[in-house]
Every structure is written in C-alpha cells, then in structure tokens.
Amino acid sequence: MLMSSADRPATLSYGPNGFRMISSGHFVVCAVTGERIALEALRYWSVERQEPYATAEIATRRLLGKA
C-alpha cells in the first residue's frame, strides 16, 4: 500500500527567512508538543536547532531553555 504525502511529515531545512522542503509531506511535528503543524500554518522555527514550533510562546520557551 502506498502512503500519500498527507499521511507523513515533511522534512524541511529551516533558514532565517523561510524553509526548504527536503522530502514531501503536508505537515511537520512540533519539537516540543508533538502536535502536527500544517506547512501552510508553520510560522515559528529555530534555524540553529532545525526545529519547528507550533506557537510563538512554545518557540520562546524552548529558546529560553524552559521547554
């Protein structure tokens, strides 16, 4: 059985002004909460850690070492 790209997470390379798709998918998984983030809704990530975050609050906590 073939999996559609909607069933698996995308692999992205995060840059300071955007991200580049390495392998196709329709979502990424938040590095802190584990929730799915649709690529269209992805706004927060760390270039240094190469991690996506679901919200600005989660990103801030993670970058301050509190998550």
Side-chain angles (χ1 to χ4, degrees):
M1 176 187 235
L2 295 174
M3 283 180 55
S4 75
S5 62
D7 296 333
R8 66 175 183 262
T11 302
L12 305 178
S13 174
Y14 302 97
N17 298 316
F19 53 82
R20 184 172 53 96
M21 189 172 295
I22 305 298
S23 67
S24 63
H26 285 66
F27 67 92
V28 291
V29 177
C30 177
V32 176
T33 66
E35 70 184 273
R36 287 183 175 196
I37 307 164
L39 294 184
E40 300 82 30
L42 179 60
R43 302 288 181 266
Y44 309 102
W45 59 82
S46 168
V47 175
E48 184 176 289
R49 295 177 186 209
Q50 290 294 295
E51 296 178 333
Y53 308 110
T55 66
E57 179 184 349
I58 292 168
T60 301
R61 283 194 331 227
R62 174 72 166 160
L63 297 176
L64 292 175
K66 297 180 180 181

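Keep in mind that this is a model prediction, so the values were computed, not measured.
Nearest approach of Arg43 to Glu40, heavy atoms of both residues: NH1-O, 2.9 Å. Closest approach of Ile58 to Cys30, counting heavy atoms only: CG2-SG, 4.0 Å.
Using a 4.5 Å cut-off between side-chain heavy atoms of Ile, Leu, Val, Met, Phe, Trp and Tyr, with links allowed through other members, Val47 and Val32 fall into different hydrophobic clusters. Hydrophobic clustering (ILVMFWY, side-chain heavy atoms < 4.5 Å, transitive): Met21 and Val29 are in distinct clusters. A chain of hydrophobic side-chain contacts below 4.5 Å, direct or via other Ile, Leu, Val, Met, Phe, Trp or Tyr residues, connects Ile37 to Leu39.
Within the structure, salt bridge (charged side-chain N to carboxylate O under 4.0 Å, His left out) contacts touching residues 47-59 (residues at least two apart or in different chains) are Glu51-Arg62, Glu57-Arg61.
Shown here are the side-chain hydrogen bond (donor to acceptor under 3.5 Å, both in side chains) partners of Gln50, two or more places apart in sequence or in another chain: there are none. A search for ring pair (Phe, Tyr, Trp, His ring centres under 6.0 Å) contacts involving Tyr44 returns nothing, not counting sequence neighbours.
Side-chain contact between Tyr53 and Leu63: present, with at least one pair of heavy atoms (C-beta onward) separated by less than 4.5 Å.
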Name each donor-acceptor pair under 3.5 Å that joins a side chain in residues 9-17 to protein atoms two or more places apart or in another chain, with its distance.
residue : atom : partner : partner atom : Å
Thr11   : OG1  : Ser23   : OG           : 2.8

